[in-house]
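First up is the structure itself, then whatever we jot down about it.
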Amino acid sequence: MPDTPASAPSIVRVAIDRPLNRLFDYRSPPDRDVRPGMRVRVPFGPTRLTGVVMEAGVTSEMDPGRLRAVSEVLDATPILPDSLRELLGFGGRYYHHPIGEVVLGALPPALRRGRPLPEAATPEPLWAVTEQGHRALADGAVRGERQRAIVAALADPDSAPGGRLDRPTLAGILGRRPAPRELERLAERGWLECRPPEHPTDVPPEADSAAARPLTPEQQAAVDALTPGEARPLLLEGVTGSGKTEVYLRMAERVVARGEQVLVLIPEIALTPQLAARIQARFPGRVALLHSGLAEGERLRAWASAARGEARVVVGTRSALFTPLPEPGLIVVDEEHDAAFKQQDGFRYNARDLAIKRGQLEAIPVVLGSATPTLETLQAARQGRYTHCPLRTRPDGTAPPRIEAVDTRVHTPDEGLTSPLLDAMQATLAGGQQCFVLLNRRGYARTLACDHCGWVADCRHCDARLTVHAGNPRAVCHLCGHHEPVPDRCPECGAELARRGLGTQRLEQALARHFPQTPLIRLDRDSIRHKGALEEALERIRSLDAAIVVGTQMLAKGHDFPRVGLVGVIDVDQGLYSVDLRAAEHTLQLIVQAAGRAGRGEAGGRVLLQTGHPEHPLIRGLDAADYTAMVRPLLDERAESGFPPFGHLALVRVEAEDANTAETRAGEVATPLRRAAASGVRVLGPAPAPRHRVNRRYREQILVQSGDRRALHATLHQARRAWEGLTLPREVRIALDVDPVSLA
DNA sequence: AGCACGCCGACT
DNA sequence: GTCGGCGTGCTC
């Protein structure tokens with residue numbers, strides 16, 4: 001960098017939290033060394049804003065007289081290192097999102113607002129259940145939902161291996177933050193004890209039985225595939241129970257042992273608290289946990305402890321990807337196929353893809369773990385761009401479950417249930433095992449309709465049918481949340497209304513009639529609405545022998561259940577024949593993930609799929625032991641259509657308050673896209689979005705597709721500049737989604 | 001995104 | 001006469 005003469009004012013280029021796709025130049029104070037990565041306070045129009053210096057010592061294109069001066073320098077040293085700023089710059093360009101929002105969005109809210117970075121913090125103390133507490137829990141003496149949830153979470157070796165958790169981790173498991181006073185009160189009653197964070201040597205090895213068990217040859221091979229200096233991404237493909245977590249932990253141990261930090265990304269902390277808890281148990285006092293359930297101060301402290309290098313392992317959801325690590329050594333993306341890694345509004349980044357990029361920039365390996373990797377990841381592994389480490393055998397030696405189809409044309413379902421499924425359930429329950437029944441629609445009935453005049457209950461804000469919910473009876477829109485009372489009679493003709501289609505609530509009722517003696521638990525977004533309910537339900541499932549659990553895809557997510565003998569999938573056809581880009585892929589993933597719940601016991605499990613199309617190639621190819629073989633027809637289909645991973649997509653959505661405006665403006669938005677489109681870039685649309693009206697707004701969409709990523713991005717870039725010259729009404733919004741997960 | 005400036009309708 | 005409606009344009 002050339003020295004600037006002492007007389008010329010030094011100029012810094014600053015990112016600010018405004019949707020403007022450029023940086024702003026300021027004169028930096030003559031007496032202070034303002035370096036890239038530091039936060040500054042700058043005048044912006046009539047106000048002052050917090051910004052991040054992206055470049056320093058630059059010359060400005062601006063007329064020097066128009067430059068204003070930095071008002072205040074907020075950091076003594078940079079809080080965003082070079083590599084992260086580079087990652088954020090890349091992210092802004094790749095996803096075509098304003099750089100300032102990207103950069104400021106990477107900071108915890110407290111830092112975004114200009115608060116100082118806290119000094120080194122004392123580590124969070126760890127909480128554990130006392131002997132007395134265990135007895136009280138067993139005797140039912142722990143009264144109060146909240147108190148019981150806390151003690152139960154700490155007492156459960158699945159949620160708290162090692163029996164000790166700090167408050168932020170507990171918050172992730174409970175889905176709410178227990179107040180310090182709540183914990184203290186439990187300690188005063190003698191049920192909990194509080195210990196200072198200990199050294200790793202204090203952890204009893206029996207805290208996690210997997211830590212003592214030798215690795216299988218496949219696990220060992222995966223751990224050994226991670227060689228220092230080799231920064232290639234690694235796909236760890238393993239079914240549930242194949243011991244992926246133990247592989248992550250052993251890799252992390254090696255990385256931490258050589259003085260480097262580990263970042264672990266997980267899809268959603270509330271649904272999979274076990275991984276976070278196991279990591280916490282293996283690296284006590286050295287883990288920072290970052291998730292949306294944290295209070296602002298806690299989030300700031302966790303972020304700062306990672307940034308200062310105190311936390312050696314950082315575990316977090318999507319946005320934790322942007323945590324600074326002074327000594328990075330490894331990034332793990334667990335359940336890499338999960339759509340939760342894609343941000344669905346604003347800066348629409350995919351944390352999995354940006355994790356790969358971060359790995360490149362930091363020259364460290366990235367491990368992608370899944371039983372059902374995305375087609376993008378499988379293809380990269382097939383081409384040798386990623387190292388592929390399969391874990392085919394389960395450490396407990398059990399066989400993968402058998403997957404069988406039940407032909408619903410032969411066996412007509414009653415309330416969603418066919419006789420072969422009911423018979424299989426009967427047998428499973430008789431054997432003392434559990435049955436999981438999966439239906440991807442919550443509520444009671446899918447629609448409310450009049451058989452007499454054809455009226456159906458529609459949402460007044462969206463293009464969607466209202467779903468009938470039982471219990472507190474309401475008709476609910478699953479798109480916008482609008483709800484209204486369920487009418488007794490048809491508002492048009494007064495005839496009796498029919499409740500059509502099946503939801504989890506109705507299925508639950510039907511199952512209760514078939515199996516009146518069997519404990520029945522429902523698990524969906526409605527049943528776990530109140531905080532800690534998921535943990536309670538999981539706890540109950542684990543405590544039972546024969547039982548039926550009915551629920552949505554939530555059932556198939558990472559929880560560990562030892563006694564599931566049978567998984568029934570009520571309706572797979574919906575996913576197989578949906579027009580959406582990834583519907584079939586997601587259905588296969590769901591089936592395999594669900595199958596992973598079955599047969600952890602010695603008996604081996606069964607999966608029954610109810611379908612009207614048992615001859616469908618994807619159904620015929622189902623084999624829980626070989627996902628790669630299962631998805632081959634999908635890959636062939638994508639290759640033919642030029643869809644990912646064989647081509648690249650971007651979706652442009654134009655939204656307005658009325659349908660006409662949306663349509664005409666979408667046309668104006670499409671024109672520069674067409675004009676900019678290089679050869680090999682296709683522009684499809686505009687067309688009404690599959691969900692045309694949502695929340696009283698109308699949406700049109702344009703799909704841009706190309707086999708050449710660079711050509712696609714050049715097109716988007718050029719079109720975007722043309723859009724800036726467009727005079728659109730304020731209410732019209734253009735949203736650009738690069739690498740969309742769904743076209744709906 | 002904010003926020004100010006600016007140019008036309010019903011109020012003290 | 002003026003308070004305020006939100007259309008348009010700028011922010012180093």
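Letters A, B, ... mirror the listed sequences (proteins, then strands); counts begin at 1.
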Are [X] and [Y] within salt-bridge range, i.e. N to O under 4.0 Å?
| X | Y | value |
| --- | --- | --- |
| A:Arg674 | A:Glu668 | no |
| A:Arg113 | A:Glu296 | yes |
| A:Arg348 | A:Asp737 | yes |
| A:Arg465 | A:Asp458 | yes |
| A:Arg66 | A:Asp63 | no |

Quick check, are the ring centers of A:His483 and A:His478 under 6.0 angstrom apart?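 Between A:His483 and A:His478, the centre distance exceeds or equals 6.0 Å.
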
Measure from the ring center of A:Phe322 to the ring center of A:Tyr349 and say whether it is less than 6.0 Å.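 Centroid distance A:Phe322-A:Tyr349: below 6.0 Å, so yes.
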
Mind checking whether A:His96 and A:His713 have parallel, tilted or perpendicular rings, split at 30° and 60°?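 Geometry flag for A:His713 against A:His96: parallel rings.
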
Below 4.0 Å from chain A heavy atoms, what is the first contacting nucleotide of DNA chain B and what is the last?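 On DNA chain B, the outermost contacted nucleotides are B:dA1 to B:dC3.
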
I'd like to know if the side chain of A:Arg48 pairs up with that of A:Ser71 as donor and acceptor (distance under 3.5 Å, no hydrogens or angles considered).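 A:Arg48 vs A:Ser71: donor-acceptor pair found between side chains.
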
Pair A:Ser370-A:Glu336, side-chain donor/acceptor within less than 3.5 Å: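 Short answer, no.
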
Take nucleotides 5-12 of chain C nucleotide by nucleotide from the 5' end and write B, S or -, depending on whether a protein heavy atom sits under 4.0 Å from the base, only from the sugar-phosphate, or from neither. ---BBBBB

Tell me which residues in residues 85-114 of chain A put a heavy atom below 4.0 Å from DNA chain B, sorted by number, or none.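 Close to the strand, none.
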
